[in-house]
Each structure stands twice: as C-alpha cells, then as structure tokens.
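Structure first, then comments.
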Amino acid sequence: MATKQKLRSERMLISMGPQHPSTHGVLRLMLETDGEVVEHAEPHLGYLHRCAEKIGENLTYQQFTPYTDRMDYLASMNENWAWCRAVEELTNLEIPQRGEYIRLIICELNRIASHLLALGTFGLDTGAFTPFLLAFRERETILDIFEAVCGARLTYNYVRVGGVLWDLLPNHVEMIRDFLVQFTSKLDELNDLLSENQIFVKRSANVGIITAEDAIEYGFTGVNLRASGVDWDLRRDEPYSVYPEIEFEVCLGKGIKGTVGDSWDRYYVRVQEMYECVKMILQALDQLPPGDFCGKVPKMLKAPKGREVYVRTENPRGELAFYLVGGGKNIPHRVKARAPAFVSLCPIEDLFHHMYIADLVAALGSLDVVMGQVDR
Amino acid sequence: MIEEAVRFVINIPFGFFGSEAPEWLVFVHCSLIYGGVFMMAFISVLAFGSVWAERKISAWMQARLGPMEVGKYQGCLQTIADALKLLLKEDILPAAADKPLFTIAPILVFAGSLMSYVAIPFGPNLKVADLDIGVFYILGTSAVVVVGIIIAGWSSYSKWSIYGGMRAAAQYVSYEIPTALHLLPVIIMAGSLNLIEIADEQQFFIGPVDCSFLTWNLWPWINPFATVSFIMYYIASLAETNRTPFDLAESESELVAGSHTEYSGIRWSFFFLAEYADMFVVSALGTILYLGGWHGLPIPVIGPYLAPFFFLFKVLFLMFIAIWLRWTLPRLRVDQLTYLCWKVLLPFGMVTVTGTALWQLYFYKTPVGVILGTVIAIGTIWAMIKIYRSESIPEKGKPMARRDQVAATPS
C-alpha cells in the first residue's frame with residue numbers, strides 16, 4: 001500500500017476531434033483516459049451549426065429544399081423527401097403516382113449509397129482500408145446515376161414539393177438496372193472481405209452493446225434500433241408513399257457474432273438492408289406507372305396559419321421528422337427537424353464508459369452519425 | 001576489386017613517404033564504401049521501389065489506378081517526386097517539443113534499421129560483414145528502432161504521440177521475444193548464428209542441379225516444428241515492423257499518426273524509410289533462415305550467378321505478402337495484440353524449440369522423419385481447418401451501463 005500511495009497517477013484529458021480522422025466530421029469528444037481505457041467521454045457539438053431551422057422560417061416552402069440537402073449530405077434525396085412530405089402534408093398537395101415511384105427508387109438508391117459509406121468508414125475505423133474503396137466504387141456508380149437523373153452528385157435538390165424535378169427516362173432506368181444486376185455480387189464480395197473477417201468480428205462483436213430497452217428509451221430509430229432487435233420500420237409499420245405496394249423484409253440484429261445490439265449487428269443490419277433495397281428498387285422499376293412526375297404546385301404555396309404537422313420519414317440514419325407550423329403566408333411559422341443522427345449520439349456518455357479507445361472508435365463508427373445532421 | 005582500388009588510392013599519400021598504408025585503414029575504408037555507399041544506395045532504391053509497389057498493389061486490390069503521372073511507366077517516379085517534395089518542405093519543430101530528443105529520434109530509427117543491413121548476405125560472396133553472430137546482431141540492432149520510436153513519441157509533446165510511443169514500447173518489446181524464440185529452431189538445426197552458414201546448411205544437390213528447394217528449413221519433412229515456427233515468425237515480424245494488422249502504434253483512425261504525428265518533411269520521411277527498410281530486414285531474415293537464402297534455383301550452370309536475384313525474389317515475395325495482408329485485414333485491438341503475443345506465439349515458441357531439439361536427436365533428415373513430418377504437418381493443417389470451420393457459440397458481452405441506473409463509481 002505504501003508504494004501505491006507514493007505513485008500518484010491521474011487520468012489524462014485528451015481532446016479527440018474536431019480534426020480527428022475517425023470522428024466522422026467535426027464531432028469533438030473530450031476523453032478522460034486511464035491508459036488505453038476511456039473512462040469518460042463528453043461530446044462537444046455545434047461545430048457545423050448553420051441555423052438551418054431558423055433559415056427555414058424565413059424562406060418559402062420550396063426554397064428550403066436545398067438547405068435540407070446540406071443537413072445529411074450523404075442521403076440528400078431522403079432528406080429532400082422528408083421535407084417535401086412535411087410540406088405536402090401541411091398544404092394537402094396531391095402527388096402523381098409516377099412521382100411517388102421515382103421518389104422511392106431514387107431514395108432507396110441513396111439509402112444504398114449512404115449505407116455503403118457507413119460500412120466503408122466503419123471498416124476504416126477498424127483499420128481495413130480496402131472495403132472503404134470498394135464501397136466507394138459502388139457509391140460512385142450511384143452518384144453517376146444521380147448525375148444523369150438530376151445533374152448533381154452531392155446536393156441534389158431533386159425531390160421537390162409536389163413530385164420530382166425531372167422525369168426518370170428509359171436510359172436512367174437502364175442505368176439503375178445495370179447497377180443493381182452487378183451490385184449484389186459486389187456486396188457478397190464485401191461480405192467476404194469484411195463481415196466474416198475474424199479480426200473485424202473480434203473488433204466489432206460485443207463492442208458498444210445497446211439493449212432493446214436502452215435503444216427505445218434513448219429514442220433510437222432506424223438501423224440502430226433494428227440492430228438492437230426492435231422490429232420497427234416506418235416503411236412497413238406506418239407506410240407512406242407507395243411502400244405498401246412493395247414487398248420487403250425488415251432486417252433485425254440477431255447477435256450472430258456476439259450479443260444483440262453490438263457494433264457488428266449494426267454493421268450487418270446495414271448490409272442486409274442493402275440487399276432489401278435492391279429488391280425494392282427492382283419491384284418499383286417494374287411497377288413504374290406512366291404519367292406525370294410532378295403535380296400542379298402553386299408558385300405561392302400557402303398553409304393556413306397555426307396548422308401544424310409532424311411527419312416522419314425513414315431515412316438511412318433513422319426517422320427524420322419535420323415539425324412544421326403554417327404561417328398563413330408562403331413562409332412557415334416554425335420549422336423543426338428531428339435528426340436521427342443527433343439521437344444516435346445521445347448515449348455517448350453512457351456508451352463510452354470504461355472502454356478501449358479502439359472500441360470507442362469502432363462503436364462510434366457503427367452508430368453512423370453525420371455531423372451535418374446532428375448540428376444542422 | 002574494390003579492395004584493390006581502395007588500397008591503390010590510399011597508398012598514394014603514403015607513397016610520398018615510401019611506406020604502405022596499414023591494413024586496418026584499408027579495411028575501414030572498404031567497410032565504409034560497402035556499408036555506407038552500397039547499402040545506402042540499395043536501401044534508397046529498395047524503399048523507392050517498395051513504396052511504389054505498395055501503392056500500385058494497393059491500387060490494384062482496391063480497383064484504382066494508383067500513381068500514373070510521374071515517370072513514363074505507371075507513375076514509377078512518383079516516389080522520387082514525393083521525396084523531393086519532402087526535402088523541400090519546411091522543417092517544423094513544435095514549440096513545446098524536447099528539441100534534442102525530437103531531432104535524434106528519426107536518426108535513431110533509421111540508423112537502427114540501416115545497421116541491420118551490414119549483416120545480411122545477399123549471396124554466397126555478396127555481403128558486407130560475415131558476422132558469426134549475425135542473427136543475434138540483427139535482433140539487437142532492430143531493438144534500437146524501438147528506442148527511437150519511444151523517444152519520438154515522448155519528445156513531441158503531443159498526447160496522441162505519447163499514446164503511439166507507449167503502444168510501440170509495449171508492442172515491440174513484447175514481440176521481440178516471440179520473434180527471437182521462433183528463430184531458435186533454425187539456429188538449433190544449423191548449430192550456428194552465422195547467416196551464411198545457416199543458408200548453406202540448407203543446400204542439397206542432386207548431381208550438378210541445386211535442389212535445395214526440397215530441403216529448406218520451412219518444409220515439414222525437414223522439421224514440422226520449423227514450419228510452424230516460420231508462420232509464427234512471419235506474424236511476429238509483421239508486428240515488429242508495425243504493419244497491419246499490428247499497426248497499433250500509428251493507427252490512423254485512433255491515434256492520428258501515432259508517434260510521428262508531429263513530424264513533417266524529411267524527418268518524417270526517415271520514419272517512413274525505416275519502415276520499409278525494416279520490412280526488408282525481417283523478410284531477408286525469414287528468407288535466409290527458412291527459405292534457404294539464395295539456394296534452390298534448379299538451373300545447373302548459371303544458377304550460382306543468379307543466386308542474389310533469387311534471394312531478392314524470395315525476400316520481395318515475403319514483402320509482397322506483407323503488403324497484401326496490410327490492404328486486406330483490419331487492425332487488432334491492443335489487448336488482442338498482447339493476447340496473441342503472450343498466449344499464442346510464446347507458448348508455440350516454447351513447443352517448437354523443445355520439439356526441434358528432440359527432432360534433431362531422432363528424426364532430422366531420416367526417412368522416418370520425412371514421412372512423420374509430412375503427416376504431422378498435414379494433420380495440423382487439417383485440425384486447423386476443422387477448428388476454423390467449427391461453429392462456436394459466440395460469447396455474450398455486457399451491455400452499456402446506464403448512469404441513471406448504476407450508482408456512480410467514485411473516481
């Protein structure tokens with residue numbers, strides 16, 4: 001005991017981020033470390049705050065769509081869709097059937113792209129570099145399709161209030177089909193390389209376990225919730241758009257390599273969801289009806305004063321919801337986004353407690369946060 | 001030839017006084033030329049080549065092109081362009097760094113790996129020094145590198161650097177032991193620490209044809225324990241040279257760049273060069289000890305002349321596997337790394353050393369041994385595949401502790 005008292009040691013306070021390779025943007029974590037073990041982590045947010053919601057209260061409904069692109073820059077189509085759905089709900093707009101199908105196809109494609117990036121960067125966090133670039137190669141093809149469809153590669157502004165901006169032409173359909181045909185085999189390749197890799201499994205299984213109860217209490221949604229074993233998917237349980245006409249399975253975390261709700265489960269649910277996305281897009285392409293792709297939308301889109309809506313949409317990162325209050329004129333009175341990535345960050349202080357630094361990086365990567373959406 | 005030229009040049013000033021240069025002076029100059037000029041040139045060319053190869057191989061694995069612009073062929077001069085850029089970059093000394101230590105660290109790292117080259121024979125007569133304790137010497141000099149890396153981590157005055165340095169200390173020092181232990185079987189078999197003797201011990205001729213590829217120490221019919229040792233040595237050497245899956249000391253996603261986070265320009269390039277130089281050293285050691293060195297090219301007349309190239313081919317093949325693994329595997333966690341060292345590599349090392357000693361007594365190069373060794377090796381591989389394929393029930397982990405449910409622990 002005497003020597004123990006003489007040797008005074010203290011915890012090291014270390015700042016991880018905002019310029020750190022694996023904090024996925026500008027997340028800053030203040031780590032209190034005891035050697036290799038993180039005893040406490042405190043997130044500092046707000047490095048990417050752009051007052052998007054306040055800007056929304058000063059723009060017309062249509063003008064705000066490009067701002068939603070910048071929120072979750074990895075799934076801009078889905079973000080556009082969430083906003084447009086909220087506005088359409090608020091103003092009771094009718095959307096033509098073809099527009100809905102095009103939205104579904106494009107947004108599911110964007111879900112694949114977003115999941116690919118999540119898997120790639122998760123691999124990168126555990127030290128595997130090649131899966132990252134293989135995932136990016138596939139994402140690149142999707143971006144090419146988006147470029148052909150809407151002219152942009154990152155911030156699309158394609159899903160508009162009332163429908164979509166341009167029609168999906170036959171050659172676009174062909175591009176999408178060509179991509180999907182080869183995509184599943186590439187996904188199998190990725191599975192071989194990363195998912196079943198013993199080192200990767202050892203790094204991610206049993207790391208950052210979030211039980212179903214905890215996930216629900218923290219308000220987790222989307223993949224992170226399903227990985228904890230909770231069978232909940234808005235596309236099936238609260239169907240919107242044309243999802244009722246499409247058959248798909250909801251993938252759940254089963255704890256194949258470890259415990260239900262660990263990092264590997266979150267990773268693997270994303271992989272499985274991509275297979276489902278492929279099925280959904282193929283069905284939607286087969287069912288794609290002729291007709292208008294955009295409804296009649298008045299230039300001055302007005303919502304009655306005081307009317308409020310809360311519309312949830314299943315995004316790659318979880319449920320993105322917009323709360324809108326009509327302002328009487330063509331400008332909303334109140335805009336509020338419920339960002340799933342922000343919710344995913346909430347358990348950080350509980351989760352990153354008594355954990356290796358390497359595990360922290362892996363668990364953070366598996367939560368798949370996008371700081372643009374967290375800070376807005 | 002060089003010796004004569006050196007003697008001639010050195011004798012010029014002595015000639016004025018009608019005397020001859022002493023033999024030790026000639027020896028020192030020859031060593032300087034061999035060691036300093038040839039080896040330095042070799043390491044530079046090797047590092048440039050292997051950096052380019054690493055880029056191209058990784059690009060090939062990742063469906064990219066890699067460097068394509070500099071140089072006529074496939075961006076082959078890209079590394080030289082990068083080296084020039086590093087030379088011209090501003091040399092940044094962090095204000096709070098311990099300046100003497102910060103300066104000396106990259107030199108120590110590079111000197112450590114450079115010194116190893118003195119003992120490596122590239123062919124029967126192509127060597128700088130014929131050391132009787134060659135293996136021992138290389139193990140000793142490669143330990144100097146560790147000191148440099150720890151100093152680099154400490155002197156940078158950056159928390160991430162300290163992490164890198166501490167990880168390096170834990171990793172290298174613990175992996176020195178299995179590396180040395182897995183070299184021991186060969187030393188027992190050859191009865192020598194001299195690298196040339198160890199290589200020559202593996203040769204086997206049928207008439208004029210060099211059939212040493214049948215009797216390399218690696219093969220199970222020579223000694224099945226050495227086969228295991230070779231695989232274990234290769235794994236341990238990956239950790240020694242800080243390559244994925246053991247690149248914890250500079251793991252980019254956790255520690256930014258580990259111990260050389262604060263280094264830039266030419267100082268940083270010393271760390272970089274040393275990594276590739278080290279890779280060559282451990283691969284060369286593996287080649288000489290387990291793959292028969294330069295022996296085993298079954299071409300009768302010109303075989304001996306091609307021996308150095310055959311040696312280089314084998315070394316580069318081992319380096320290629322290291323590159324291949326690097327771009328395939330994720331990184332281990334720090335506890336898994338030490339687990340592998342102390343609970344896998346070390347016990348296996350004990351077994352292989354003891355086993356080799358017994359094998360030498362009873363079965364070495366006997367017909368019974370050939371059959372027995374092959375059977376043991378096939379059995380081991382079969383058992384490994386069986387174990388690997390067997391479905392195991394995954395262990396369960398503890399979920400996260402909610403602070404509102406668990407009483408706060410006093411810190």
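So that the names make sense, note that chain A is the first sequence line, chain B the second, and so on, each numbered from 1.
- Side-chain atoms of B:R64 and A:L133, non-hydrogen and from C-beta on, do get closer than 4.5 Å to each other.
- Shown here is A:H354, whose NE2 atom has no more than 12 heavy atoms of other residues, nucleotides or ligands within 6.0 Å.
- Atom CE in A:M16 sits 14.0 Å away from atom NZ in B:K159 (nearest 0.5 Å).
- Per-residue counts of heavy-atom pairs under 4.5 Å with chain B were compared for A:N197, A:V207, A:T211, A:D34; the largest is that of A:N197.
- Proximity to chain B (any heavy atom under 4.5 Å) is restricted, for A:Y356, to the side chain, taken from C-beta onward.
- Counting heavy atoms from C-beta on, the side chains of A:D359 and B:R333 come closer than 4.5 Å.
- A 6.0 Å sphere centred on CZ of B:F348 holds no more than 12 heavy atoms belonging to other residues, nucleotides or ligands.
- With sequence neighbours left out, the side-chain hydrogen bond (donor to acceptor under 3.5 Å, both in side chains) criterion links A:R270 to A:N224.
- A tilted orientation is assigned to the rings of A:H20 and B:W160, their planes being inclined by 30° to 60°.
- Contacts with chain A were tallied for B:M61, B:M166, B:Q336, B:R326; B:Q336 has the most, counting heavy-atom pairs under 4.5 Å.
- How far NZ of A:K202 is from CG of B:D335: 10.5 Å, rounded to the nearest 0.5 Å.
- Atoms OG1 and CG, from B:T328 and A:L194 in turn, are 11.5 Å apart once rounded to the nearest 0.5 Å.
- Here B:Y163 contributes atom OH and A:I357 contributes atom CD1; the two are 4.0 Å apart, rounded to the nearest 0.5 Å.
- A:T126 places no side-chain N or O within 3.5 Å of a backbone atom of B:P330 that could act as its donor or acceptor partner.
- Of the charged side-chain nitrogens involved, at least one lies within less than 4.0 Å of a carboxylate oxygen, so that B:R167 and A:E36 count as a salt-bridged pair.
- Note that the CZ atom of B:R331 and the CG atom of A:D125 stand 9.0 Å from one another [nearest 0.5 Å].
- Of the residues considered (A:S15, A:A128, A:A205), A:A128 shows the highest number of contacts with chain B, using heavy-atom pairs under 4.5 Å.
- Of all residues in residues 49-60 of chain B, none places a non-hydrogen atom less than 4.5 angstrom from a non-hydrogen atom of chain A.
- With contacts defined as side-chain heavy-atom distances shorter than 4.5 Å, the pair A:F136/B:Q62 does not qualify.
- By the neighbour-count criterion of 12 heavy atoms within 6.0 Å, atom CZ of B:F48 is densely surrounded, having more than that number from other residues, nucleotides or ligands.
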